[in-house]
J.: 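Before I ask anything, let me first share the structure, which is written out below as structure tokens.
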Protein chains: 2
Amino acid sequence: MTRIKDIARIANVSTATVSNVLNGTGSVSDKTRASILKVIEEMNYQPNHIAKSLKIKKTKTIGVIVEDVTSFNSAEIIDGINEYAENEGFSLLLTNMRVFKRLGQEYKDDEVVRQLASQAFREILNKQVDGLIYVGAHPRDVTRMIESHKRIPIVYTYCHTSRDEDYAVNYDEHLGAYEATNYLIEAGHRQIAVISGLFNSNSSRERFNGYYQAIMDNRLVFNPALIKTGDWEFESGCRLTAELLAADSRPTAILAMNDNMAAGAIGACKERGLRVPEDLSIVGFDDREFSSYTAPQLTTMRLPLHEMGTEAMKSVMDILAGNESTVKSKKLKCTLIERHSAAQAPK
Amino acid sequence: MTRIKDIARIANVSTATVSNVLNGTGSVSDKTRASILKVIEEMNYQPNHIAKSLKIKKTKTIGVIVEDVTSFNSAEIIDGINEYAENEGFSLLLTNMRVFKRLGQEYKDDEVVRQLASQAFREILNKQVDGLIYVGAHPRDVTRMIESHKRIPIVYTYCHTSRDEDYAVNYDEHLGAYEATNYLIEAGHRQIAVISGLFNSNSSRERFNGYYQAIMDNRLVFNPALIKTGDWEFESGCRLTAELLAADSRPTAILAMNDNMAAGAIGACKERGLRVPEDLSIVGFDDREFSSYTAPQLTTMRLPLHEMGTEAMKSVMDILAGNESTVKSKKLKCTLIERHSAAQAPK
DNA sequence: TTGTAAGCGTTATCAA
DNA sequence: TTGATAACGCTTACAA
């Protein structure tokens with residue numbers, strides 16, 4: 001490969017001058033600049049970023065540690081990170097912890113993940129990244145999961161920490177659930193059941209609170225019998241819907257806290273010959289790809305994944321730029337996607 | 001950050017010796033090794049990979065250029081690449097061309113993609129990657145899409161080139177279609193229709209050939225009226241199925257060349273009150289995530305995406321190791337996933 | 001077995 | 001406006 005030294009020799013100038021025209025630094029006459037540029041062009045010179053990085057102690061690359069690329073949320077978040085990074089001239093060094101395949105259902109085991117993460121973190125730091133984004137695959141508390149004496153910006157997304165000083169980008173679960181519930185209320189529903197995720201997660205609690213607040217704000221009665229706790233999986237949506245339908249106070253609508261369980265709910269209705277949405281309205285959460293393929297297509301809250309990526313990257317850039325006012329915790333809005341699983345309440 | 005120099009000073013040895021214990025090179029007495037290791041531990045020393053890379057002219061990182069991370073095939077391929085890379089101690093520098101969002105439906109425009117790719121390629125080369133994997137998002141001919149005088153291993157996956165000297169990892173489309181067809185034949189079907197993708201793609205032709213050969217091998221009659229050309233999208237599956245069902249020689253089974261069109265076929269049946277699979281069997285191709293959520297769940301050929309990733313990375317490693325016998329074109333097998341959209345042919 | 005020192009391709013200081 | 005040169009943190013002859 002041709003080096004600055006080669007350009008300098010051929011153009012009859014010093015390496016310093018070549019470096020200056022390359023970076024627009026110093027001052028160099030139009031004439032020499034032109035002749036240097038010409039040589040650069042001819043030799044098809046490409047600067048060596050490694051050497052540059054060593055010297056300036058900046059790599060213009062951001063490390064991205066993702067718990068699992070194959071998780072439904074990861075690709076779109078990475079896409080968002082990428083969009084912003086590209087505009088800023090930054091590259092991405094990707095580390096995939098592969099927690100699903102590696103740990104199977106244990107991927108929820110914080111301790112193992114912690115080990116994986118700190119390992120990944122150390123290695124990526126050695127590559128001298130200028131900043132780091134951690135992308136979760138599960139609503140997990142990642143407090144102190146990675147630690148370093150070298151202070152580079154670290155931003156968490158799709159996961160949260162319990163320390164106020166950490167930067168995190170997430171979506172507003174409370175508001176999302178609130179709006180989903182409101183949507184059903186406005187459609188005339190009064191008996192709105194909830195199929196929640198496991199209550200050990202912040203997610204579940206926040207979403208439940210959103211639901212609760214919508215019920216209260218509309219002066220409806222809160223009926224605990226309508227609240228069921230699932231485990232985020234299809235089967236639990238199915239089973240709990242069956243329970244709800246068998247009970248005395250049967251709901252006219254169900255808010256499922258993710259699309260998997262919503263799909264399960266649809267399945268349960270089908271088994272019982274109930275029509276969705278005529279007999280029962282169902283609203284999901286996440287807007288997974290498959291939600292357009294259920295029958296009927298699912299009405300659901302879309303997560304602002306792409307935007308979470310761009311905002312995470314933006315935070316990193318802001319911190320890097322020394323912007324003290326960078327907000328620590330960003331919460332982005334979900335969007336209701338109206339498809340065909342929810343309708344007006346039956347008279 | 002602490003440097004080798006610091007370790008050397010504190011341990012009262014030369015930097016050369018420290019470097020030797022770090023890399024297991026040279027020969028150093030157990031005693032000095034121990035004392036050096038101790039200092040390294042105490043100081044929590046982490047080597048600077050950038051400096052090392054500059055010196056040894058190897059970065060132990062592989063560039064991954066992906067046409068679009070959000071494409072359904074990308075995440076799993078990346079996961080495979082990652083698995084292999086991790087075992088070899090390599091990192092991944094990810095470039096996402098974002099062709100879908102950037103170009104919209106024009107993402108099929110080879111010329112624009114070519115520009116994007118060569119740009120991405122140049123930048124990633126400047127970062128001194130040791131090798132490159134190009135991940136397509138669309139069955140595209142990428143011949144000479146990226147060129148370089150610096151010869152590093154380049155492996156293409158989920159796309160193909162027309163040059164025999166290029167390395168490419170793909171799945172065996174011919175065999176996949178052959179086996180899918182055979183599956184239907186074994187279930188007693190004799191009138192098997194095909195909903196193909198656009199015939200401007202190699203994919204479509206190979207898959208069609210696989211179908212054709214299965215028909216021939218089983219001495220069935222080939223009926224051109226049963227071959228319909230769609231455009232890979234849901235709607236075309238729907239429309240063409242309607243045509244097939246309206247025709248005189250009605251098929252008992254449909255092989256759709258992707259899951260989108262297969263889902264469309266199911267939709268068309270539903271509209272007409274036909275039962276799947278009792279009245280019509282449908283087999284898809286790709287095994288998209290949504291295929292478990294259609295009603296009935298789709299029987300389909302699963303693409304060996306993860307394995308394509310690992311094999312692509314393996315090729316890179318092999319070439320890097322100077323293994324002359326590395327096979328240029330790998331074709332991996334698809335797997336039939338039996339779900340509920342195909343059954344025995346009606347008597 | 002250990003140390004000295006040159007060099008990887010840049011940038012940046014300082015002098016000319 | 002330009003050039004000589006040290007330095008970034010590491011590896012690696014080669015010498016001791």
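Throughout, a chain's letter reflects where its sequence line sits, starting with A, and its residues are numbered from 1.
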J.: Can you list the steps and then say if A:His306 with A:Asp79 is a side chain to side chain donor-acceptor pair (under 3.5 Å)?
T.: CA-CA 6 Å; A:His306 187 84; A:Asp79 195 69; 3.3 Å; yes

J.: Can you check each nucleotide of nucleotides 10-16 of chain C against protein heavy atoms at under 4.0 Å and return B for base, S for sugar-phosphate only, - for none, in 5' to 3' order?
T.: BBB----

J.: C:dT2 phosphate, OP1 or OP2: any side-chain N/O from B:Ser29 under 4.0 angstrom?
T.: yes

J.: Classify the side-chain pair B:Asn170/B:His160 by whether it contains a donor and acceptor separated by less than 3.5 Å.
T.: no

J.: Before you tell me yes or no, could you show the steps for A:Thr59 and A:Phe90 under side-chain contact (heavy atoms from CB on, under 4.5 Å), namely the whole-Å CA-CA distance, both residues' side-chain angles and the distance that decides it to 0.1 Å?
T.: CA-CA 8 Å; A:Thr59 52; A:Phe90 274 71; over 6 Å; no

J.: Between A:Asn23 and A:Lys52, do the side chains contain a donor N or O and an acceptor N or O under 3.5 Å apart?
T.: yes

J.: Would you call the rings of B:Tyr158 and B:Phe72 parallel, tilted or perpendicular if under 30° counts as parallel and over 60° as perpendicular?
T.: perpendicular

J.: Nearest-nucleotide wise, let me know which of B:Leu54 and B:Val28 is further upstream toward the 5' end of DNA chain C.
T.: B:Val28

J.: When you measure from the side-chain N and O atoms of B:Lys57 to the phosphate of C:dG7, is any distance below 4.0 Å, counting only OP1 and OP2?
T.: no

J.: Is atom NZ of A:Lys101 surrounded by more than 12 heavy atoms (other residues, nucleotides or ligands) closer than 6.0 Å?
T.: yes

J.: Strictly by salt bridge (Lys or Arg N to Asp or Glu O under 4.0 Å), give each pair with a member in residues 151-170 of chain A just once, sequence neighbours left out.
T.: A:Arg163-A:Glu165, A:Arg163-A:Asp166

J.: What residues, two or more places apart in sequence or in another chain, satisfy salt bridge (charged side-chain N to carboxylate O under 4.0 Å, His left out) together with A:Glu311?
T.: A:Lys330

J.: Between atom CG in B:Asp30 and atom P in C:dT1, what is the gap in whole Å?
T.: 9 Å

J.: Distance alone, cut at 3.5 Å: any donor-acceptor contact between the side chains of A:Ser29 and A:Thr32?
T.: yes

J.: I'd like to know if the side chain of A:Thr326 pairs up with that of A:Ser315 as donor and acceptor (distance under 3.5 Å, no hydrogens or angles considered).
T.: no

J.: Classify B:Asn12 by what it touches in the nucleic acid, base, sugar-phosphate, or nothing, heavy-atom distance under 4.0 Å.
T.: sugar-phosphate

J.: If a pair satisfies salt bridge (Lys or Arg N to Asp or Glu O under 4.0 Å) and one of its residues is in residues 114-136 of chain A, list it, with sequence neighbours excluded.
T.: A:Glu111-A:Arg114

J.: Hey, where on DNA chain D does chain A first and last touch, going 5' to 3'? Cut-off is any atom under 4.0 Å from a heavy atom.
T.: D:dT1 to D:dG9

J.: Rounding to 10°, can you tell me the angle the first-five-pair axis of the helix from C:dT1-D:dA16 to C:dA16-D:dT1 makes with its last-five-pair axis?
T.: 40°

J.: Expressed as a whole number of angstroms, how long is the span from A:Ile40:CD1 to C:dG9:P?
T.: 16 Å

